[in-house]
Amino acid sequence: MENVERTESAGNIKAKRIIYYILGILEILFAFRLVLKVLGANPGSPFVSIIYSITNLFLAPFYGIFRIAVSEGIETQSVLEPALIIAMLAYAALAWSIAKLVDIMSNNKEAKVS
């Protein structure tokens, strides 16, 4: 019986690393937004404004799925956006499925070559 070892091509590994790198950046931005919203950060602050602006683009498809929970505090307003949590899961699933598609496509090319 032959010992067949599956190796990934350098291009395949690089593509998957890029996919997961982009996902990592997006998830970090989402995590910042989650913490800032829950802690009631001032949206007038430049840092907070930039985070909200960038993440709004990626959250747009998920708005309206659930109601936003708002809790009034003495000095700040805490906001929980369930759409943000759904978006984090959806983008992670999308990145994983694209990485798997890269695997499938590269395996088909290797099968045709041999």
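Small disclaimer: the values here were computed from a predicted structure and weren't measured.
In this view, Ala15 and Val102 satisfy the side-chain contact (heavy atoms from CB on, under 4.5 Å) rule, not counting sequence neighbours. Shown here are the side-chain contact (heavy atoms from CB on, under 4.5 Å) partners of Ile50, two or more places apart in sequence or in another chain: Ile54. Qualifying side-chain contact (heavy atoms from CB on, under 4.5 Å) partners for Phe62, counting only residues two or more places apart in sequence or in other chains: Ile65, Ala83, Ile86, Ala87, Ala90, Tyr91. Legend: residues meeting ring pair (Phe, Tyr, Trp, His ring centres under 6.0 Å) with Tyr20, ordered by chain and number and at least two apart, are absent. In this view, Ala92 and Leu23, Glu27 satisfy the side-chain contact (heavy atoms from CB on, under 4.5 Å) rule, not counting sequence neighbours. Residues forming a side chain to side chain donor-acceptor pair (under 3.5 Å) with Tyr63 (at least two apart in sequence, or on another chain): Arg33, Asn56.
Pairs engaging residues 36-45 under the salt bridge (Lys or Arg N to Asp or Glu O under 4.0 Å) rule: Lys37-Glu81 [sequence neighbours left out]. Counting only residues at least two apart or in different chains, salt bridge (Lys or Arg N to Asp or Glu O under 4.0 Å) contacts with residues 45-69 are absent. Among pairs with a residue in residues 39-52, none fulfils side chain to side chain donor-acceptor pair (under 3.5 Å), at least two apart in sequence or across chains.
Hydrophobic cluster membership is shared by Leu94 and Leu57, with clusters built from Ile, Leu, Val, Met, Phe, Trp and Tyr side chains linked at under 4.5 angstrom. Hydrophobic clustering (side-chain heavy atoms under 4.5 Å, transitive across Ile, Leu, Val, Met, Phe, Trp, Tyr) keeps Leu39 apart from Met88. Note: the hydrophobic cluster containing Ile28 also contains Leu36 (ILVMFWY, side chain heavy atoms under 4.5 Å, direct or indirect links). Following chains of ILVMFWY side-chain contacts shorter than 4.5 Å, one cannot reach Val35 starting from Val70, and the two form parts of different hydrophobic clusters.
No side-chain heavy atom of Phe58 sits under 4.5 Å from any side-chain heavy atom of Leu29. A 4.5 Å side-chain heavy-atom check between Leu80 and Leu34 finds at least one atom pair inside the cut-off.
One distance of note links OG of Ser97 with CD1 of Ile19; it measures 9.0 Å at 0.5 Å rounding. Taken to the nearest 0.5 Å, the CG atom of Leu84 stands 10.0 Å off from the CD1 atom of Ile68. The OG1 atom of Thr55 sits 9.0 Å away from atom CG of Leu26, with the distance rounded to the nearest 0.5 Å. Note that the CH2 atom of Trp96 and the NZ atom of Lys16 stand 11.0 Å from one another [nearest 0.5 Å].
In this structure, Ser78 contributes its side chain and Val38 its backbone to a donor-acceptor pair below 3.5 Å.
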